[in-house]
Amino acid sequence: MHPLYITTPIYYVNAKPHIGHAYTTIVCDIFVRFNRMFGRDVFFSTGTDEHGKKIEQSANNAGIEPQLFTDNISQLFKDLLPVLNITNDDFIRTTELRHKNAVTHFWSRLKESGHIYLGEYSGWYDIRNEAYFSEDELVDGRSPLGGNVHYMTEECYFFKLSEFQDKLLNFYEQNPDFIFPMQRRNEVLSFVKRGLNDLAISRTTFSWGIPVPNDPKHVIYVWLDALTNYLTLNGYPDVDQANNERWQNVIHFVGKEIVRFHAVYWPAFLMAADLPPPRQIVSHGWWLSEGEKMSKSVGNVQDPIKYCKLFGSDALRYFLLRELSFGEDGNFSLAGFIGRYNAVLANAYGNLCSRVFSFVLKNCDGSVKRPPTLTGDDQLFVAAVDSELRESVSLFQRYAFSKYLEHLEHAMSLANQYMDSQKPWALRTSDRDRMEEALFWMVEQIYKITRLFYPVIPICAEKVFNQLGIAMNDAMSLSGAVPDEFHIREIETLFPRIDQFSDDFDVFSDD
Ligand code: MSP
């Protein structure tokens, strides 16, 4: 199996992280854990994007030096990772020396290979999104990304993007799954087919950035700087990327608004530097908060830390993955969160574990053994669960994360129904052997469901494996067979029901 290299976008440090940022990171982490569980070697990176006019302005507004300003906010993004239970291997800041070296080297490669020239640029500049737009791209006087624009002219270096139209179209054709989902692929194709203008890749109107080699009054365009983080993290320029397995299998997870940068500019830059384009760009939709775009001025910015403190990171990870159909937009609300938490984590899953495990603990001394044969109702039950689990894996592999969870939930319902229909409490006096058989299959199905649920709820999954007397590592090696015996230990409530009128929720209205 070839290794994988999974990246989150690197986050702008102009404000503290919110649920939208937590989402990209959590989706990546779940994807990474899932692949590692299947034995794949995965390198997982995240970090912060710290240069550019927007950051310089935010620092000025706060009356702090940009470096100190970025130090503070970058730390907030870093501190969020353990709170969300993220298993990244590296964290990059674009203000680090290793990154400045990589960007400078990358620029020089592009220059030497004749893809950069000096010219003059005029256009409508969107500060918030650090991008220029032409008159006809503006929407109601704003940039197509929604930011305020003003007209600017500056001397700047250009990247000969116009030369890459055919190369990119060829590349998309030869790699039909380069952009996921299809809708984003279609948007990119029609954007490139309309023709590409050369891209302004340096700025002279501010200084918070990496200087252009040999012309330091220019700083390098923040997107060229930021995209290069993916190379820096893989040891560029010391490591030869052209022959590097990890680089050949890099997947960038991004929000839908930054697909163009990753699927058009980035492969073009890489081709120009004689390096392979990434393997795939996987894009997700946006979270609205209580029905509206999250913004400080509306006061509806959702803080991931509060949710983790109150309900645990597993619950937040579960809700984010389940609620939003991957690729589409979705709505974040406290009521929606509590609804799903109670229905699935507390009732369907938590209750299933506790009723089955405590019954086994009380009535079978905690132990169940694999029966010699699998027949009758048990066979139908196990086959039905297996079919849900197979479907859930296949959906996961196709990035249909919410549907993957839906099928795990079907499997939980099947197990709950089996407990109801088999009535082990009645068999206890009438047919103990039969009771023990049925219970084994129930415990085994819970175990299998939990293994596939692990990437989303790792803390709880570990507790369940502990309750079942199985070491986490053994449970996680999917090559290992399912155990023939389970020895249930003490029972712990996994997800206590949330009382939606609790005073605890006052924390959600205090800022
Ligand atoms: N710095 C650039 C990325 C450079 S990558 C070389 C950037 N940063 S960002 O902080 O604005 O966004 C980072 C990620 O957070 C993006 O994937 C973006 O889609 C995601 N989200 C920010 N707000 C979001 C929501 N409200 N909902 C879902 N994700 C959103 O772009």
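Because the structure is predicted, anything quoted here is derived from the model rather than measured. Indexing begins at 1, ligand by ligand and atom by atom, following the structure's order.
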Report yes if the side chains of Lys53 and Trp208 come closer than 4.5 Å at any heavy-atom pair, otherwise no.
-> no
Report the member of His252, Lys256, Met294, Glu257 with the shortest heavy-atom distance to atom 18 (C) of ligand 1.
-> Glu257
for atom 23 (N) of ligand 1, nearest protein heavy atom and its distance come out as His18 CE1, 3.3 Å
Give a yes/no verdict on a cation-pi contact between Arg185 and Phe178, requiring under 6.0 Å between NZ or CZ and the six-membered ring centre and an angle within 45° of the axis.
-> no
shortest atom 20 (C) of ligand 1-to-protein heavy-atom contact is with Thr24 OG1, 3.6 Å
Protein heavy-atom partner closest to atom 26 (N) of ligand 1 - residue, atom, separation in Å | Trp287 O, 3.2 Å
Shortest protein heavy-atom distance from atom 8 (N) of ligand 1, along with the residue and atom involved = Tyr12 CD1, 3.3 Å
To the nearest 0.1 Å, how far is atom 17 (O) of ligand 1 from its closest protein heavy atom, and which atom is that?
-> Gly255 N, 2.8 Å
Return yes if a side-chain donor-acceptor contact under 3.5 Å exists between Thr46 and Asn88, otherwise no.
-> no
Kindly identify the option in Gly47, Gly20, Pro9, Pro17 whose heavy atom sits closest to atom 30 (C) of ligand 1.
-> Gly20
Should one rank Tyr11, Tyr230, Phe332 by closest heavy-atom distance to atom 14 (C) of ligand 1, which comes out on top?
-> Tyr11
Of the side chain and backbone of Phe253, name the one, both, or neither that has a heavy atom under 4.0 Å from an atom of ligand 1.
-> neither
From the candidates Trp223, Phe77, Tyr23, Trp266, the one that places a heavy atom nearest atom 4 (C) of ligand 1 = Trp223
